[in-house]
Number of protein chains: 2
Amino acid sequence: MPDQLVAKFRELGPVSAEMEAKIREEAFTEEYKAGKIILHQGEVCRKICLVTKGLTRSYYINDGKEVTSRFMGEGFIVTSWISYYTQKPTAEIIETLEDTTLICLHEPVIQKMYQDFPASNIIGREQVEYAFFLSEKRTQLLRGLTAGERFSTFADENPTLLTRVSMKHIASYLGMTEETLSRVRSKMYRPKNGIANS
Amino acid sequence: MPDQLVAKFRELGPVSAEMEAKIREEAFTEEYKAGKIILHQGEVCRKICLVTKGLTRSYYINDGKEVTSRFMGEGFIVTSWISYYTQKPTAEIIETLEDTTLICLHEPVIQKMYQDFPASNIIGREQVEYAFFLSEKRTQLLRGLTAGERFSTFADENPTLLTRVSMKHIASYLGMTEETLSRVRSKMYRPKNGIANS
DNA sequence: TAATACTCTTGACATCTGTCAAGACGAATG
DNA sequence: CATTCGTCTTGACAGATGTCAAGAGTATTA
């Protein structure tokens, strides 16, 4: 089972035999049915998990409304980066959208690995850089674009998610209401002008 | 001069004597007058700089309009993270808003340090985590809040920037037009209701 | 000093998006 | 099968924000 976690790390940086042994020793699997909450509001995020099967999303509550911050499918790391980084209670909630399997490491274990195997910091750095890169890209997506432009960009870049995620969640990810998304989509899949009328 | 860069790194993680020597050997200073562009659109970001004096902002052009992504003052690292990470041409432009002094390291030097001094990855990771943390916070600020709420949050958290940065740039940072920001501010610094009229 | 450029403000109006309400449709459940 | 629930759509309307235009005030420069 920890094979995939080791493989994921190997993509990012060198993994020594010792380190691999440590990972295999410490990694543990978690399984969730769809619709379960992995990280509750107010909890401190004390682990980092790799999604091996399924799909999750993270979101926070703003003014009573859910704001989706990320979708994390197979091969992605699931964690609330802010809470993990600060080790403070999270505002970000993480839930499963499908039946999901995770392979996880506890935070103290990771800290210990950073100390015992300095090269593991390469992996940590690469991973954070990648997550940051995704976050910046999304921020740029959300800014200065109209609702329609945001959706079509998202659809182009995430064709798979379109069928796996409900419109409600995509809308909240894209910073618009469900109704606006619905209108945007119906406009998009329809002729641009009235020529087709006659 | 590289003292401040070494000190900055020491805040984030251990710096060995060897590593310090390398930093002192490789670091170089750059000075810019206010209003100069440090990183042009389409350039690849090949260095990382610490602001020791002055103020910079990064922005990109969207649909002809500038969208400010960050302000970086004294003690902050200046770089286009996406371009630096991908080593591809940047969409993000970086300019100085005041006369600015930077201490910089070239990208290949940093890569070499990551290899030669594995512990330096701790510093890299911490730095990226922090930048990521700021980026996430800003994203949350921009989402689900009205123009007025965005400004008052920004004003609370960045009192200094209010006087150092023009309203035009703050508006584009907060995702609104200059006119909207102006109206928001005039409403804010005025009695909330009509009671004061009589 | 006059001329110019720049920043910020204000007004009028258009447009986008959110809100509230209702309904169609399909999936899940008893 | 009937019912219920959740998802998505559609309409009417209101409010927030953008756009265009103009003007006041200040700093900069010749």
Side-chain angles (χ1 to χ4, degrees), chain A residues 33-37 55 57 59 61-68 71 95-99 141-155 161-193, chain B residues 33-37 55 57 59 61-68 71 95-99 141-155 161-193:
Chain A
K33 286 275 167 201
K36 298 297 176 196
I37 292 189
L55 183 60
R57 86 174 170 118
Y59 65 98
I61 311 277
N62 195 308
D63 214 18
K65 281 164 293 188
E66 291 185 3
V67 177
T68 299
F71 300 106
E95 68 167 12
T96 56
L97 297 177
E98 303 173 354
D99 293 355
L141 163 66
L142 288 172
R143 301 191 49 180
L145 298 183
T146 65
E149 293 166 335
R150 295 203 295 275
F151 174 70
S152 68
T153 307
F154 176 81
L161 289 182
L162 279 190
T163 57
R164 291 171 79 180
V165 179
S166 73
M167 291 301 124
K168 180 173 64 176
H169 291 153
I170 292 179
S172 93
Y173 177 82
L174 293 175
M176 65 187 80
T177 61
E178 207 184 340
E179 294 93 328
T180 296
L181 177 56
S182 175
R183 285 184 244 268
V184 154
R185 297 202 318 148
S186 76
K187 216 174 281 171
M188 191 166 301
Y189 300 134
R190 198 175 287 173
K192 286 256 165 61
N193 53 41
Chain B
K33 286 275 167 201
K36 298 297 176 197
I37 292 190
L55 183 61
R57 87 175 169 118
Y59 64 98
I61 310 277
N62 196 307
D63 213 20
K65 281 163 293 187
E66 292 185 2
V67 178
T68 299
F71 299 106
E95 69 167 11
T96 56
L97 297 177
E98 304 174 353
D99 293 355
L141 162 66
L142 288 172
R143 299 189 52 179
L145 298 184
T146 65
E149 292 165 334
R150 295 203 295 276
F151 174 70
S152 67
T153 306
F154 176 81
L161 290 182
L162 280 190
T163 57
R164 292 172 78 180
V165 179
S166 74
M167 291 301 124
K168 179 173 65 177
H169 292 153
I170 292 178
S172 93
Y173 178 82
L174 292 174
M176 66 186 80
T177 61
E178 206 183 341
E179 294 94 328
T180 296
L181 177 56
S182 176
R183 285 183 245 271
V184 154
R185 297 201 320 149
S186 74
K187 216 175 280 172
M188 190 165 304
Y189 300 135
R190 199 174 286 173
K192 284 256 165 58
N193 51 43

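All chains are named by letter (A, B, ...) in the order of the sequence lines, taking the proteins before the strands, and each is independently numbered beginning at 1.
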### Query
What nucleotide among dG18(C), dT19(D), dT9(C) has an atom nearest to a side-chain atom of Ser182(B)?
dT9(C)

### Task
Using a heavy-atom cut-off of under 4.0 Å over every strand shown, decide if Gly148(A) touches base, sugar-phosphate, or nothing.
nothing

### Query
Is Ser166(B) touching bases, backbone alone, or none of the nucleic acid, heavy atoms closer than 4.0 Å?
sugar-phosphate

### Query
Ignoring hydrogens and geometry, is there a side-chain-to-backbone donor-acceptor pair from Thr153(B) to Glu149(B) under 3.5 Å?
yes

### Check: dG11(C) base within 3.5 Å donor-acceptor of Arg183(B) side chain
yes

### Message
Please determine whether a side-chain nitrogen or oxygen atom of Ser186(B) lies at a distance below 4.0 Å from atom OP1 or OP2 of dT10(C).
### Response
yes

### Task
Grab the CD-P distance between Glu178(A) and dT9(D) for me, whole Å please.
8 Å

### Distance in angstrom units between Glu179(A) CD and dG23(C) C1', rounded
13 Å

### Message
Taking atom types as they are modelled, would you say the side chain of Arg185(A) forms a donor-acceptor pair with the base of dT10(D) within the 3.5 Å cutoff?
### Response
no

### Whole-Å gap separating P (dC8(C)) and CG (Leu181(B))
9 Å

### Query
Charged N to carboxylate O below 4.0 Å: is that the case for Arg57(A) and Glu66(A)?
yes

### Task
Return the value, rounded to whole Å, for the distance between atom NZ of Lys187(B) and atom P of dT17(D).
8 Å

### Task
Find the distance Lys65(A):NZ to dG18(C):P and express it as a whole number of Å.
9 Å

### Message
Heavy-atom nearest nucleotide on DNA chain C for Gly175(A) versus His169(B): which residue maps closer to 5'?
### Response
His169(B)

### Message
What I'd like to find out is whether the side chain of Leu162(B) reaches to under 4.5 Å of the side chain of Phe154(B), using heavy atoms alone.
### Response
yes

### Message
In the structure I gave you, are the side-chain heavy atoms of Ile61(B) and Val67(B) within less than 4.5 Å of one another anywhere?
### Response
no

### Query
dC16(C) phosphate, OP1 or OP2: any side-chain N/O from Thr146(A) under 4.0 angstrom?
no

### Query
Do Leu142(B) and Arg143(A) have side-chain heavy atoms sitting under 4.5 Å apart?
yes

### Task
Report the residue (Val165(B) or Met176(A)) whose heavy-atom-nearest nucleotide on DNA chain C is the more 5′ of the two.
Val165(B)

### Query
Below 4.0 angstrom from OP1 or OP2 of dG18(C), is there any side-chain N or O of Thr180(A)?
yes

### Query
Roughly how many Å is it from CG in Leu174(B) to P in dT17(D), rounded to a whole number?
12 Å

### Task
Using atom NZ of Lys168(B) as one end and atom P of dG18(D) as the other, report the distance to the nearest whole Å.
17 Å

### Task
Mind calculating the distance between CE (Met188(B)) and P (dT9(C)) to the nearest angstrom?
12 Å

